[in-house]
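Residue numbers count from 1 along this sequence. All values below were derived from every heavy atom in this structure, side-chain atoms included, with hydrogens, water molecules and symmetry-related copies excluded.
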Amino acid sequence: MLVTAGLVAGLAVLPGMAQERIPSNCFALAHAPGGERLWHASIGTPLAEGHVRIRYIHHASFAIEAEDGTLAVTDYTGYIGNADVVPDVVTMNNAHSTHWTANPDPRIPHVLPGWPTDDQPAFHELDLGSMLVRNVTTDTRGPFGEGARADGNSIFVFEAGGLCIGHLGHLHQIPDDAQYAAIGRLDVVMVPVDGGYTMSTEAMAEVVSRLRASVVIPMHWFSGASLVTFLDEMEGQFDVVETGGADLDLSLQDLPGRPTIMVLEPAYIP
């Protein structure tokens with residue numbers, strides 16, 4: 001299920017190679033370097049300074065838009081709705097066809113697979129100016145739950161508007177201390193709550209509690225029964241907001257004071 005090396009655009013450096021890490025707000029380091037901005041077309045109303053739009057597209061796919069229109073799409077399957085919208089970067093995990101495509105839109109400048117290529121774990125640190133994108137790998141189970149696949153999943157972290165936004169991908173294991181440290185601070189996290197295809201509800205609740213993000217967005221919930229189970233499991237630890245829509249407009253200054261689960265209703269980009 002691997003895509004060819006030619007599809008791997010952007011910044012993909014093999015582990016162990018000498019490199020200078022990009023600045024990261026999630027590790028309390030300096031802000032990304034400034035410079036001239038390229039302004040993009042927005043997928044909605046223009047965003048205020050320091051704001052980020054998050055749109056739940058479908059299944060595990062989200063659009064993350066910085067204030068200048070820089071656009072990332074997670075777990076990209078090749079279809080986001082509006083064919084005229086071209087993301088600046090897409091990330092993929094290959095647990096199932098609902099998390100990746102072998103034929104991404106050739107107009108997309110940066111296509112980042114989250115699984116090993118050439119027997120090396122995925123490693124991405126991409127600086128788009130108004131958005132930084134990086135990954136932390138975790139192991140996955142093999143087909144039908146058999147065996148283990150080293151570094152088969154990537155947790156992708158997007159930094160924009162001062163926010164640290166994490167997408168857990170198709171997480172099959174509770175991260176260890178080194179992986180939690182590599183993830184860093186998360187203000188927003190997208191969490192698979194299927195109850196077993198990834199991890200049990202109890203195990204995923206443990207991960208969410210450890211990350212302690214201000215905003216938790218459930219995903220990968222199929223019929224909705226597993227979503228209700230997850231919400232019941234988290235009751236008392238997190239507030240729950242049924243947004244009734246697909247979009248959130250967030251900034252570092254207006255994050256909820258108490259950790260909150262924001263339930264979005266998926267919708268393709270019109």
Side-chain angles (χ1 to χ4, degrees), residues 21-57 61-74 87-89 91 124-136 154-169 175 179-191 207-219 234 237-264:
R21 295 190 66 89
I22 56 177
S24 168
N25 287 316
C26 301
F27 297 120
L29 299 179
H31 286 271
E36 184 178 355
R37 289 183 175 181
L38 175 64
W39 290 84
H40 307 262
S42 175
I43 63 170
T45 56
L47 288 164
E49 182 178 357
H51 284 241
V52 176
R53 177 181 290 114
I54 298 174
R55 182 182 185 90
Y56 189 15
I57 296 175
S61 186
F62 289 83
I64 303 169
E65 184 182 11
E67 63 179 83
D68 68 346
T70 297
L71 185 67
V73 173
T74 70
D88 297 278
V89 57
T91 66
H124 303 292
E125 286 192 341
L126 178 65
D127 185 350
L128 296 174
S130 62
M131 183 183 293
L132 309 179
V133 185
R134 57 186 175 85
N135 74 307
V136 177
S154 278
I155 296 170
F156 280 95
V157 179
F158 306 83
E159 304 186 31
L163 290 169
C164 303
I165 302 165
H167 186 286
L168 298 185
Q179 289 166 324
Y180 276 121
I183 293 167
R185 183 191 96 239
L186 291 182
D187 301 301
V188 182
V189 63
M190 293 86 153
V191 180
V207 173
V208 171
S209 297
R210 170 73 180 266
L211 290 170
R212 203 65 181 176
S214 295
V215 174
V216 175
I217 305 176
M219 64 175 182
M234 303 306 295
Q237 299 183 60
F238 290 74
D239 291 339
V240 176
V241 174
E242 301 270 358
T243 69
D247 294 306
L248 284 179
D249 182 342
L250 297 172
S251 74
L252 194 60
Q253 289 70 36
D254 59 15
L255 290 173
R258 174 177 163 81
T260 301
I261 298 172
M262 300 277 195
V263 180
L264 298 180

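- To the nearest 0.5 angstrom, L163 atom CG is 10.5 Å from I64 atom CD1.
- A salt bridge is defined here as a Lys NZ or Arg NE, NH1 or NH2 lying under 4.0 Å from an Asp or Glu carboxylate O, and D249 with R53 fails to meet this definition.
- Atom CD1 of I183 and atom CG of L211 lie 5.5 Å apart (nearest 0.5 Å).
- The shortest distance between side-chain heavy atoms of E65 and M131 does not fall below 4.5 Å.
- Using a 4.5 Å heavy-atom threshold, the side chains of D239 and P259 count as separate.
- Taking 4.5 Å as the limit, every side-chain heavy atom of V191 sits out of range of all side-chain heavy atoms of P218.
- The line from SG of C26 to CZ of R185 is 5.5 Å long, rounded to the nearest 0.5 Å.
- Between the side chains of T74 and T91, not a single donor N or O lies within less than 3.5 Å of an accepting N or O.
- The shortest heavy-atom contact between P175 and V207 is CD-CG2, 3.9 Å.
- Looking at L128 and V89, their side chains come closer than 4.5 Å, going by heavy atoms from C-beta outward.
- Within the model, atoms OG of S61 and OH of Y56 stand 9.0 Å from one another, a figure rounded to the nearest 0.5 Å.
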Next on the checklist: What verdict does the side-chain hydrogen bond (donor to acceptor under 3.5 Å, both in side chains) test give for D88 and T70, after you've listed the backbone C-alpha separation in whole Å, the side-chain angles of each residue and the deciding distance to 0.1 Å?
Outcome noted: CA-CA 6 Å; D88 297 278; T70 297; 4.6 Å; no
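- Put simply, the residue from V241, V188, V52, I217 that forms a side-chain contact (heavy atoms from CB on, under 4.5 Å) with L248 is I217.
- By the 4.5 Å heavy-atom criterion applied to side chains, V189 and L168 are counted as neighbours.
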Item to check | Verdict with reasoning, V263 to T243, per side-chain contact (heavy atoms from CB on, under 4.5 Å) | outcome: CA-CA 6 Å; V263 180; T243 69; 5.7 Å; no
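- In this structure, L264 and A246 approach most closely via the heavy-atom pair CD1-O, 3.5 Å.
- Between M219 and H167, the closest side-chain pair of non-hydrogen atoms falls below 4.5 Å.
- With contacts defined as side-chain heavy-atom distances shorter than 4.5 Å, the pair V73/F62 does not qualify.
- Rounding to the nearest 0.5 Å places OG1 of T260 at 11.5 Å from CE of M234.
- A donor-acceptor contact shorter than 3.5 Å is absent between the side chain of S154 and the backbone of F156.
- The closest donor-acceptor contact from the side chain of E67 to the backbone of G161 lies at 3.5 Å or more, if one exists at all.
- Of all the heavy atoms in L132 and D127, the pair that sits closest is CD2-OD1, 3.2 Å.
- Separating the CD atom in E242 from the CE atom in M262 is a distance of 11.5 Å, to the nearest 0.5 Å.
- Looking at heavy atoms from C-beta onward, I165 lies out of side-chain contact with V157 at the 4.5 angstrom threshold.
- A cation-pi contact links R212 to F238, judged by a cut-off of 6.0 Å to the six-membered ring centre and 45° from its axis.
- Side-chain contact, D187 with S214: no donor N or O sits under 3.5 Å from an acceptor N or O.
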